[in-house]
K.L.:
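I have a structure I would like to understand better, so I am pasting it below and will then ask my questions one at a time.
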Amino acid sequence: MSIIRGRFSKEADKKVIQYSESLSYDSRLYPYDIKGSLAHVKMLAKQNIIPKEDADKITKGLIEIKDELDNGVFVFNEELEDIHISIESRLKELIGDSAGRLHTARSRNDQIALDMRLYVRDKTKDAIQAITDLEKVIVEQAEKNKETIMPGYTHTQLAQPILLAHHLLAYFEMFERDKARFADSYKRTDVMPLGSAALSGSPYNVDREFVAKELGFESVTQNSMDAVSDRDFVIEYLSNAAITMMHLSRMAEEIVLWSTSEFGFMTLDDAYTTGSSIMPQKKNSDVAELGRGKTGRVYGNLQRMLVTMKGLPLSYNRDLQEDKEGLFDTVDTLLLSLEVFTGMLETAEYNTENMARSLKNDIILATDIADYLVKKGLPFRDAHRIVGNIVNYATTNNMNLMDINLEKYKEFCELFEADVKDISVESSIKSKNVIGGTAPEQIEYQLKRARKLLD
Ligand code: ARG
């Protein structure tokens, strides 16, 4: 008979056991469960809630169980519901009746809340580290390409010239905000729920602050009913992960696009591409596509948790057990995606000649020509219309804007002078010397700032 079926006359139905078990996936929480139990038992002894000899036995037993689990020799009994019961049952086998004192002043409700907070806290740190690793590669590549000129796009149409470094550093900004979000939700995760017991608090003289300190928590929860039933720290992690994946997915889309022969801006390393089973010429950017695709399941996991929580009355309800698989899947997906993308980017090559080639079509300078007229005194709307006509003329005659001679320019507007011919991609880029602009001076400043933030 399971250790928690005191009032029952028989075991649960086989299908019910299968339906309600969480052991098959919550076993990954064992390091956190044992860590929490070790702190709890230390507190119980310190407060004279249980005899010191029992506490010592429990501590020794838990360390032994941790060892068994670390070394993969722990034998899981699939009939046992979850990781908490599994560990407690093993403890009983190892040390006998003293094991029964571990669960004093504790419920699985505050125990799982603690495990989840310990876990999410750890994984939040991992996410921040993994994003930082990716950012380092981005900044490194931006550093190498602070003079590389490429076309900038809006609506995936040629728009204005930019520096490749500027494009790359846009992602640095996104990932900085992602990190800030994780760092912020960490604060709300870093609160210790043990002592809430089943829902209303503990009748023993527990020292909650001591447990919090033992486990490195910043503070303790202030309402036991909230503490056992709140999972918004999980939702925040899932949401932060979803936003990070969205950024990664945007990058993925560009990697896919840039590695096509049509764009040819980027060549991925063979280690990060795959072949086709039928077309021998293929070198596919599957890794980027998978990152883009996996973003969908990370969004799904967020949605799933929001829906699970939305109708729950206070306090603990078993629905909450459904918080785990989606979270674990998101943690695994996010960390692996970040790691793989870091490697993919690190080994990728930028084909700067192809970027230069697509700038040959100097239609990309149209806005600069309009700005030129504005500087000569024309209202921008007039300049916009005039340059529109010039672009039309160039396109119809299959010409570049800079191939049109000065006389023709003057026909469109008498404000044009010889210096209109000085307009180039370089002059365009140089002119965007505003905070956040693409001018080399600004990029130099942004690179310095990025390096400082990464230190
Ligand atoms: N496996 C449960 C969960 O993940 C642990 C808490 C169970 N508590 C209970 N009263 N049945 O939420």
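Atoms within a ligand are numbered from 1 in the order they appear, just like the ligands themselves.
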K.L.:
When you measure from the centre of the six-membered ring of Y237, is the NZ or CZ of K123 under 6.0 Å away and within 45° of the axis?
P.N.:
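Relative to the ring axis of Y237, which defines the angle, K123 lies outside at least one limit.
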K.L.:
Relative to the heavy atoms of S22, which atoms of ligand 1 are at a distance of less than 4.0 Å?
P.N.:
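By the 4.0 Å cutoff, the relevant atoms are 1 (N).
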K.L.:
Which protein non-hydrogen atom lies closest to atom 11 (N) of ligand 1, naming both residue and atom, and how far is it?
P.N.:
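Of the protein heavy atoms, R108 NH2, 3.6 Å lies nearest.
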K.L.:
In the protein, what heavy atom is nearest to atom 2 (C) of ligand 1, and what distance, to one decimal place, separates them?
P.N.:
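Protein heavy atom with the smallest distance to atom 2 (C) of ligand 1: Q321 OE1, 3.4 Å.
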K.L.:
Assess the pair F263 and Y153: is the distance between their ring centroids shorter than 6.0 Å?
P.N.:
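Yes, they do, as the ring centres are separated by less than 6.0 Å.
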K.L.:
Would you mind listing which atoms of ligand 1 come within a distance below 4.0 Å of any non-hydrogen atom of D82?
P.N.:
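Those atoms are 1 (N), 5 (C).
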K.L.:
Backbone, side chain, both or neither: what part of K324 comes under 4.0 angstrom of ligand 1, heavy atoms only?
P.N.:
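Looking at K324 and ligand 1, just side chain atoms fall under 4.0 Å.
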K.L.:
Note the single closest protein heavy atom to atom 6 (C) of ligand 1, along with its residue, its atom name and the distance in Å.
P.N.:
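Going by distance alone, atom 6 (C) of ligand 1 is nearest to Y316 OH, 3.4 Å.
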K.L.:
Considering only heavy atoms from C-beta outward, does the side chain of I50 approach that of Y204 to under 4.5 Å?
P.N.:
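With C-beta onward as the side chain, the pair stays apart.
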K.L.:
Is there a side-chain contact between R106 and L194, using heavy atoms and a 4.5 Å cut-off?
P.N.:
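Counting from C-beta outward, R106 and L194 do come under 4.5 Å.
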K.L.:
Looking at N205, is its backbone amide N or carbonyl O close enough to the side chain of Q47 to form a donor-acceptor pair, meaning the two atoms are under 3.5 Å apart?
P.N.:
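At least one qualifying donor-acceptor pair exists.
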K.L.:
For the pair F175 and H247, name the ring-plane relationship: parallel under 30°, tilted 30 to 60°, perpendicular over 60°.
P.N.:
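Rings of F175 and H247: perpendicular, as their planes differ by over 60°.
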K.L.:
To check your reading of the model: name the closest protein heavy atom to atom 8 (N) of ligand 1, its residue, and the distance in Å.
P.N.:
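Protein heavy atom with the smallest distance to atom 8 (N) of ligand 1: N109 OD1, 3.0 Å.
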